[in-house]
Amino acid sequence: MPEPKVLPIAARAAGCPFDPAAGLYEIQKEDALPRVKVPSPLLGEFDAVAITRYEDAKSALSDDRLQMGFVFDPDQPRTMLNQPGNLLNYNGADHSRLRRMLTGTFTIKRVRSLRPMIEGIVEARLAALEEAGQGADLVTVFSTPIPTQVICELLGVPYEDRDDFQRRAKVGLDVNTTFEEQIQNLKDMDAYMSTLVAAHREEPGDNLLGGVVRDFGAELSDDELVGIGNMLLIAGHETTASMLSASAALLLENPDQLAIMRDEPEAVDGAIEELLRYIAPATIMPRQAAEDFCLRDGEVIKQGERVVVSILVANRDPNSSDRDLDVLDVRRPPQPHVTFGYGAHQCLGQQLARMELRVALPALFNRFPGLRLLDQDQKIDYRTTALVFGVNKLPVAW
Amino acid sequence: MQVEIDEPRCVAAGHCVVAAPEVFDQRDDDGVVVLLDANPPDDEHEHVREAALLCPAAAIIVRDRGGAP
Ligand code: SF4
């Protein structure tokens, strides 16, 4: 048995942070499912089966025998990954039960009805960008506040609480914090979310969290409602913020592609799908086998083995298209991807994320048609090693 | 073309509604797919196949007339 290879958690090519590392393409070609070592800030380094092909990724992510592997354990310290109410802590029937309580809020119809609210938030951020002036950082002035404010609206966070709420959300996602800081921060988030839940219990607001309390409050404990709120907050904004920043950076480096996003409203939906496929901000998705089984012919995954699906390289699998998937082509005919995962755990908020991207990106390039990087020669400060890929800073001028 | 829904599998991702709004809708309270037309006309077939392809839960079953799924 050869030694497992080390697969960095964010295995991106040295030269281009948007491309998967060459090593990922190599193992994609191997006939046998490779075992790799995955470094992880939350779990330490672990051995895992690496899934890198598109079809394998779909089968793995929709297979009930592969579980999330983070079932809530009340005896362990509470973290974002160990919390009642967080969908990532549940499998099978428990997961469906909880998920069904939330899905009504994310139907296409509901998400479409949120469009005016999102447009208002985007308008206000564009004005803030203008006011911040040349050299403004797109990440802090535009990409991060948009999804945060949207989720504040959905949870019913009173305006005066926003700053604290946003600060705690930021700490929760900062990989440069210690485990102790994370636990303390989650305590603060829990405390705040408890008061919010209590207020909704008293008088359910006309928003997402209020709706869940109204419809399912009798079935859910306060603890679960707090966890649901925290999950929506974290899941609902970091990935979307990353997509906004990374899309802007990528488009600024590809002006012909940017022009399509700016000038062709009918191309926007397809362009967003291509950006989602190409950027894949949630680089990997981990699972654990509940029993022995074959994923593809003769390739056994053993009970207890961890599995990591590399979303980034699965989206570029040359066998899933006759076109070159390493090329960014916002006019590409629809190319399915696994950026939001697949199967029962496929991202609950994906339609909301799409709506935010669709409203925000064209608006940005239309309002500032001459948008460019402040210092054209400077390298963009990409965040390549975090759990969620992104851009640290994006100073722009226009 | 005959369309069927495996309702318990649906995870309410809504791809079907985007791909073929004439054929699929979502229930307001829980987002579960609602089949509007089990025998969609010819010009909808392509959209329905796309919906079945995109559905992350394999909840949409398409049978061509007389044929296997
Ligand atoms: S695409 Fe599939 S999972 Fe999503 S709503 Fe339609 S049937 Fe349900």
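Numbers restart at 1 for each chain; the letters A, B, ... are given by sequence-line order, proteins then strands.
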Query raised in the report: Between CG of B/Asp30 and CZ of A/Phe106, what distance do you get to the nearest 0.5 Å?
Result: 14.0 Å
Report task. Mark yes when over 12 heavy atoms from residues, nucleotides or ligands other than A/Glu291 sit less than 6.0 Å from its CD; otherwise mark no. Result -> yes
Query - Contact winner vs chain B - A/Pro336, A/Ser62, A/Ser96, A/Ala344, heavy-atom pairs under 4.5 Å - result: A/Ala344
Report summary line: Test side chain to side chain contact (heavy atoms under 4.5 Å, CB included), reference B/Pro56, set A/Gln346, A/Lys58, A/His345, output is A/Gln346
Query raised in the report: Is it true that atom CD of A/Glu203 has more than 12 heavy atoms of other residues, nucleotides or ligands lying nearer than 6.0 Å?
Result: no
**Report entry** Atom CG of A/Asp206 with >12 non-hydrogen neighbours under 6.0 angstrom
**Finding:** no
Query raised in the report: If every non-hydrogen atom of A/Thr107 is compared with every non-hydrogen atom of B/Arg27, which pair is closest and at what distance?
Result: CG2-O, 3.9 Å
Report summary line: Between A/Arg100 and B/Pro8, the two heavy atoms sitting closest are NH2-O, 3.5 Å
Query raised in the report: What are the residues of residues 15-24 of chain B, in order of number, with any heavy atom under 4.5 angstrom from a heavy atom of chain A?
Result: B/His15, B/Val17, B/Val18
Query raised in the report: Quick one: does B/Gln26's side chain get under 4.5 Å of A/Thr103's, heavy atoms only?
Result: no
**Report entry** Flag, side chain of A/Tyr342 to backbone of B/Cys55, donor-acceptor distance under 3.5 Å
**Finding:** yes
**Report entry** Region of A/Arg99 that comes under 4.5 Å of a non-hydrogen atom in chain B
**Finding:** side chain
Requested in this report: Measure the CG-OG1 distance between B/Asp28 and A/Thr105 for me, rounded to the nearest 0.5 Å.
Outcome: 11.0 Å
Query raised in the report: Does atom CZ of A/Arg97 have more than 12 heavy-atom neighbours from other groups under 6.0 Å away?
Result: yes
Query raised in the report: According to the salt bridge (Lys or Arg N to Asp or Glu O under 4.0 Å) rule, which pairs have a member within residues 330-359 of chain A, sequence neighbours left out?
Result: A/Glu264-A/Arg331, A/Asp269-A/Arg358, A/Glu273-A/Arg354, A/Glu274-A/Arg332
